[in-house]
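Just so it is clear, the structure is predicted and the values come from calculations on it, not from any experiment. Letters A, B, ... are given to chains in the order of the sequence lines, protein chains preceding strands, and every chain is numbered from 1.
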Amino acid sequence: MAAEIRTANELRKAFTGFFEQRGHTKVESASLIPHDPTILFTVAGMVPFKPYFVGDEVAPYKRAVSVQKCARAGGKHNDLDDVGRTKRHCVFFEMLGNFSFGDYFKTDAIPWSWELVTEVFGFDGDQLWITVHESDDEAEQIWHDQVGVPMNRIQRLGDADNFWQMGETGPCGPCSEIHIDRGPSFGPDGGPLNDPKGDRFLEFWNLVFMQFNQDKDGSRTALPKPSIDTGAGLERILALKQGKDSIWETDVLFPLIEQAQSATSTKYLIGDYEDKSSFSLRVLAEHARSATMLVNDGVFPSNEGRGYVLRRIFRRAVRHAYLLGTDKLVMPKLVETAVEIMQEAHPTLKTNKDFILGVLTKEEESFRQTLKNGLNLLENEFSAIKTSKKKSTLSGKSAFVLHDTYGFPLELTQEIAGERNINVDITEFETEMHAQRTRAKAARKGAASADETLAQYRQLLDTHGQTKFVGYESDSCTAKVLSLVALDDSSVEVFLDVTPFYAESGGQVGDRGTIRCPSGEIKVTDTVFALPGLRKHIGVLSGEIVAGVEVTATIDVNLRNSTRKNHTATHILHYALRKVLGDHVKQAGSLVSAERLRFDFSHYAPLSNVEIEQIERIANAQVLTNSDVKNYETSKEKATQAGAIAFFGDKYGDMVRVLEAGDSIELCGGTHAAATGDIGLIKIVEEGSIGSNLRRIEAVTGQNAVDYVISTARTIQKLNELLDTNSAALVESMSRKIAEVKELNDELKSLRSAAARGRAAEFVSKNKGGVVVQRVDGLSPSDLRELALAIRASKEIKAVVLGGVTSTGGVALVAATGAGVSTPAGDLISQAAKMVGGGGGGKGDIATAGGKNAAALDEALLAAAQASSKIV
RNA sequence: GGGGCUGUAGCUCAGUUGGCAGAGCGGUACGUUCGCAAUGUACAGGCCAGGGGUUCAAUUCCCCUCAGCUCCA
C-alpha cells in the first residue's frame, strides 16, 4: 500500500511509480502540438506513441508509462460550448496511461489495473464494476478467474461503448472499462448497463486491447503482437480521491474558480449547474488553464489552425468575464494561478510564465477592444430598428455580420438585445452560418486529389525499400533506375535506388542536376519525397532512359553550395533570434533555396531596427568564428542532452541527425556548409508579418549578400553625389532637403494666393452689376479657384466666372456665387463646360469644371456670362 | 484554404448622386480664474496605406498590392 494520495502531484507520482516498478519506462508528456498532421492537438495519451502502434517506427522500449497533457476542442467533437455545463468536461486535461508495444497483454494489463486501483488508489473493490466487449470472453475470464470480480459485476457492452478503432483502417480492438458505484443517491442500481449517462456508475479507467488490424474491405485479421493502451483522466480520479462530486472542486481547478470569484466579485455555488454565474466562473477557470498550457507549448492566438482554436477558447472565457460585468482584465491573474497549480508537474511553465502572461494579456486587451467596437455597432443597429417596421426584432443577417465581420459573439448580442426586449432572428443567423460553412467546405474539396498515384508510390517503396541518400558525402553517384513515369510530353518522374539528390524537406528546396546514361539524359528540375523515404526526381527527358538501366546522377554543385550556405545560415539566424527576442521564438516554417532564405517564426511584435541589427551582429559573429559545422547522427537522448532544439513539424525517428553550427545546435536532416565562415555574410533583407503573432524574415548569404551590400552602397553613393554630401551627413542632408522643399511649397502657396488676391482687385473693378466673367490663362485649376474666391470676397460681387487655358493645355472653369444668391454655382458653368468638351459642376456656392477644347473657351464664357446675368 | 470588414491629423473617428479635407481629444503659444486642475483664443500637424485605371476632375468609382481586424474550414 503506497502513501496516501491527496494531491494531483501525489497522484501523478504514485501512478508512474507503480508502472515503473513493473518495467515501464517513464516518458515525459509530449507537447500538446502533435507530430501527427491529421489532428489539431494531442487528444489522448497514446497519440505520441501512435507510430509504434501502427508499425511506422520501432519502439525504443517495450513498456511505457506517461501522464500526457491533452486538449480536446474544435475538430470533430466540437463540444467547446458544453465545457462548464457538466461535471466532468474539460478542454485541457491530463491522461494517465500505461502502454505495451507488442509486449504484455490482457493477462498482465487487467490484474495490474486492478491492483493499482484498489491498492494504490485505495478504491473499495466491492464498489467497482467492469464492462467488457460482448465478444471478449478472454477479458471476462481474466477479470473473474484471475482477479476475482464476481460475474454479477461484469457486464458486456457493444461496439459503441467498448470497441476502439484508430481510423477507417489500422489497429483496433475491444476495450474494458472500470466503473465505480457512487451509491443509490446518484441513481438506480443495475450497473453501467443500466446507467448510460454514467451518473451513478462512473467510468474512470479504459483499457484498449489492440489485437486486430482493420482492412479496407471490412475484414479484421489478428495482429501478431497485440498491444495495450490504457487511459484514465487524472481529473476524474482526483475528484474521486478527494471525495468531490465534480472535477471543479479538485486541487487542479478549484483555486482557479476562487481566483475567478475574486476577480469578478461573483459568488460560486458549488454543485449548482443551473446558476449562470457559477457556469461562467467554471468557464473562466477551465479556459484560463487550457490557454496557459497551450501557449506554454507554443500555440499562439491567431486566425487559423490551432491558434484559432486557442483564440476561441480564450475569447469564450473573456466573454464570460464580460457577462459577469467585469471590465477590468481578469486573465492575467488567472493565468498566474494556473501556472502556480501546474508548474510542479510541468516545469517549463516557470520559465515561460512572463511570456505566457504577455501573450494572453495582449489577447484579452485586443478582444475587449473588439467587444467595444461591436457594442457601438450594435447600438447603431438598435437605433435603426426603432425607426423600422419590425420594432422588436434584430435581423439574423445583422447579428451574423456582427459575429462574422466584427467578431462580436452572438451570445452577447442576444443578451443585450434581451435587456431591451428585442428578439434576435436565430433561424436567419443559422442560415447565414450554414452558408459560410458550405463555402469553406466547397473550397476545401477542390484541394483533395489523386490517391491512385499514392498507391503506386507505396508499392514502389514496398518492393525496393527507401531510396539510399549519399548526398551528404558526394555530389555524384551511379544508380539504377527503378521506375520512370512520363507525366506529360516532356516531364518525367524518376526513382533511383541510390541518389545524391536532396529531396525537399525541412524547408530546404530539392536539388537540381542531371541523370544520364549513354542513351539519354534527364535534366532534373526538382527533387521531392513522394513518400517518407522515397525520393522522387522530376525533370525533362531527352533521348531514352528506361527502368532497369544504370545511370550517373549528378547534382548542380553551384546551386547546392549556395543552398548549403543559406541552410546553415538559417540555423544561425534561428539561434540569434532566440538570443535577441527570447526562447518563445519557434520556427513556424522556412524556405531555403540557392538565392535566399526565408524564416517564419512565432513572435508577438514587429522587429525594431535595433533588434534586427543585434540579430545580424550575433549571427555574423558566429560566421566570423569560422568554426567547423558538425553534422552527425546520434540517438535522440544524446541530442537532447546536448541541448538540441528540434525544428517544428519535423518527425524524428530514434536516431536523429544533429547539426552544430557555431553555438547553434538543432536537429536537421539538411545539407550544410563545412564551416560557418563559408557563409561569408548573413544579411537580413526583409522583415514582416504573415499573420498575427507570426513574423517572417528573409536573408541572403555568400555572394548574394555581397551583391546586396554592393548595390545598397551604390545607391547611397548616388544619393551622395546628387546631394553633394557624404555618407555620414547623408541623412541629415536629406532631411534638411525635405524640410526645405516643404518650406518652399508653403511659401509658394501663400505667394500664389497673395498674387491672386492682388489681381482680384483688378477684376472686381471690372464687374458689371456684381458679375465678373473673365478669361485668365496660364493658371492651374486650383489657382483659378483661389482667384475666384478672392474676387468673391468683395461685398459687391454676386457672381464670378473665370475660365482659362491651364499650363498643361486643358481648359479650366470655375464659378462662385456671393452671399444671398440661391442659384447653385454649378448652374453658371454647366453649359460652358459642355461647350469646351468637358463636364463638371459642383455644389453650393463654388463649382469647378473642365474641358479639352480650348478653341471654344471664349464662346463658352459668353454663355456663362449670359447664365450669370440672369441671377442678378 | 475560402469569405467579410477596415486603412483619412500624434490618438479616436466623421466625410453620398466625384468638385483642391473636417470634429473631438492631444500638442504648442498667449491669456483668464485659481485647488499642481479648469477655461478662452490662436496656431502647428495630412502625397486621405501604396500602385494602376476611368474622368475635365478621384479621399470618393473600378482593378491590383501591402497592412490590420474578423468569421468559417
*Asks:* Could you state the CG-P distance from Asn853(A) to rA57(B), rounded to the nearest angstrom?
*Replies:*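 Distance, rounded to whole Å: 15 Å.
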
*Asks:* Roughly how far apart, to the nearest Å, are rA23(B) and rU41(B) at atom P?
*Replies:*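 After rounding to an integer number of Å, I get 13 Å for this pair.
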
*Asks:* Choosing from rC13(B), rG19(B), rG4(B), which nucleotide comes nearest the side chain of Arg785(A)?
*Replies:*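 It is rG19(B).
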
*Asks:* Answer whether the closest heavy-atom distance between the side chains of Val295(A) and Asp297(A) falls below 4.5 Å.
*Replies:*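 Sidechains of Asp297(A) and Val295(A): no contact.
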
*Asks:* Looking only at side-chain N and O atoms, does Glu365(A) offer a donor or acceptor that is under 3.5 Å from a partner on Thr361(A)?
*Replies:*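 The criterion, which ignores hydrogens and geometry beyond distance, is not satisfied for Glu365(A) and Thr361(A).
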
*Asks:* Given the P atoms of rC30(B) and rU70(B), what is the spacing between them in whole Å?
*Replies:*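 It works out to 45 Å between them.
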
*Asks:* Classify the side chain of Gln436(A) versus the base of rG4(B) as yes if they form a donor-acceptor pair under 3.5 Å and no if they do not.
*Replies:*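 No such pair is found, so the answer is no.
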
*Asks:* For Asn373(A) and Lys852(A), find the nucleotide of RNA chain B closest to each by heavy atoms; which residue's nucleotide sits nearer the 5' end?
*Replies:*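 By nearest-heavy-atom nucleotide position, the 5'-most residue is Asn373(A).
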
*Asks:* Distance between the C1' atoms of rG10(B) and rG45(B), in whole angstroms?
*Replies:*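 Comparing C1' positions in rG10(B) and rG45(B) gives a spacing of 8 Å.
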
*Asks:* Taking the C1' atom of each, how far is rC34(B) from rC20(B), in whole Å?
*Replies:*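 The answer is 46 Å between these two C1' atoms.
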
*Asks:* Just by distance, with hydrogens left out, do Glu595(A) and Asn704(A) show a side-chain donor and acceptor under 3.5 Å apart?
*Replies:*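 There is no such pair between these side chains.
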
*Asks:* Could you please name the partner base of rC34(B), counting Watson-Crick and G-U wobble pairs only when both distances are under 3.5 Å?
*Replies:*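 Base-paired to nothing in any strand shown.
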
*Asks:* Using 0.5 Å steps for rounding, measure from the CZ atom of Phe382(A) to the CG atom of Asn380(A).
*Replies:*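 The CG atom of Asn380(A) is 10.5 Å from CZ of Phe382(A), to the nearest 0.5 Å.
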
*Asks:* What interatomic distance, in whole Å, is found between P of rC47(B) and the corresponding atom of rA42(B)?
*Replies:*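 After rounding to an integer number of Å, I get 25 Å for this pair.
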
*Asks:* With the side chain of Met433(A) defined as its heavy atoms from C-beta on, choose the nearest nucleotide among rG4(B), rG19(B), rC71(B).
*Replies:*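 Of all the options, the side chain of Met433(A) is nearest to rC71(B).
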
*Asks:* What are the two closest heavy atoms between Pro34(A) and Arg306(A), and how far apart are they?
*Replies:*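 Closest approach of Pro34(A) to Arg306(A): CD-NH2, 3.9 Å.
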
*Asks:* Look through every strand shown and name the nucleotide pairing with rG19(B) as Watson-Crick or G-U wobble, where both distances are under 3.5 Å.
*Replies:*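 In the structure as shown, rG19(B) has rC56(B) as its Watson-Crick or wobble partner.
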
*Asks:* To the side chain of Tyr406(A), which of rC5(B), rG3(B), rG1(B) is closest?
*Replies:*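 Out of rC5(B), rG3(B), rG1(B), the nucleotide with an atom closest to Tyr406(A)'s side chain is rC5(B).
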
*Asks:* Write down the partner of rC47(B) under the Watson-Crick or G-U wobble criteria, each distance required to be under 3.5 Å.
*Replies:*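 With both distances under 3.5 Å required, rC47(B) matches none.
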
*Asks:* Considering only atom P, compute the distance from rG18(B) to rA57(B) and round it to an integer number of Å.
*Replies:*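 It comes out at 16 Å once rounded to the nearest Å.
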
*Asks:* Between rC48(B) and rG1(B), how many Å separate the two P atoms, rounded to a whole number?
*Replies:*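 My reading of the P atoms in rC48(B) and rG1(B) gives 33 Å.
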
*Asks:* Counting heavy atoms from C-beta on, name the nucleotide in rC56(B), rG2(B), rC71(B) closest to the side chain of Arg439(A).
*Replies:*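 When the side chain of Arg439(A) is considered, rG2(B) is the closest of rC56(B), rG2(B), rC71(B).
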
*Asks:* For rU70(B), does either OP1 or OP2 sit under 4.0 Å from a side-chain N or O belonging to Thr370(A)?
*Replies:*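 True: Thr370(A) side-chain N/O within range (under 4.0 Å) of rU70(B) OP1/OP2.
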
*Asks:* Between rG68(B) atom P and Phe367(A) atom CZ, what is the distance in whole Å?
*Replies:*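 To the nearest whole Å, that distance equals 20 Å.
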
*Asks:* May I have the distance from Met835(A) (atom CE) to rC56(B) (atom P), rounded to whole angstrom?
*Replies:*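 It is 18 Å, rounded to the nearest whole Å.
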
*Asks:* Under a 3.5 Å limit for both distances, which nucleotide forms a Watson-Crick or G-U wobble pair with rG1(B), could you say?
*Replies:*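 Per the H-bond distance test, rC72(B).
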
*Asks:* Select one nucleotide: of rA73(B), rG19(B), rG4(B), the one nearest the side-chain heavy atoms of Arg312(A).
*Replies:*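 Ranking rA73(B), rG19(B), rG4(B) by closest atom to the Arg312(A) side chain puts rA73(B) first.
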
*Asks:* Write down the partner of rA42(B) under the Watson-Crick or G-U wobble criteria, each distance required to be under 3.5 Å.
*Replies:*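 Result: rU28(B).
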
*Asks:* Quick check: on RNA chain B, is the nucleotide nearest Thr438(A) upstream (toward 5') of the one nearest Asn376(A), or the reverse? Name the residue that is more 5'.
*Replies:*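 Closer to the 5' end of RNA chain B: Asn376(A).
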
*Asks:* Return the nearest nucleotide to the side chain of Ala440(A); candidates are rG19(B), rU70(B), rA73(B).
*Replies:*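 Of all the options, the side chain of Ala440(A) is nearest to rA73(B).
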
*Asks:* Are Arg368(A) and Leu329(A) packed together at the side-chain level, in the sense that at least one heavy-atom pair is separated by less than 4.5 angstrom?
*Replies:*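 Yes; the side chains approach each other to less than 4.5 Å.
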
*Asks:* How many whole angstroms separate atom CG of Leu40(A) from atom P of rG1(B)?
*Replies:*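 From Leu40(A) CG to rG1(B) P: 16 Å.
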
*Asks:* Please measure how far the P atom in rC66(B) lies from the corresponding atom in rA14(B), and state the result in whole Å.
*Replies:*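 rC66(B) and rA14(B) have their P atoms separated by 26 Å.
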
*Asks:* Does the distance from a Lys or Arg side-chain N to an Asp or Glu carboxylate O, for Glu364(A) and Arg315(A), drop under 4.0 Å?
*Replies:*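 The answer is no: the pair does not qualify as a salt bridge.
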
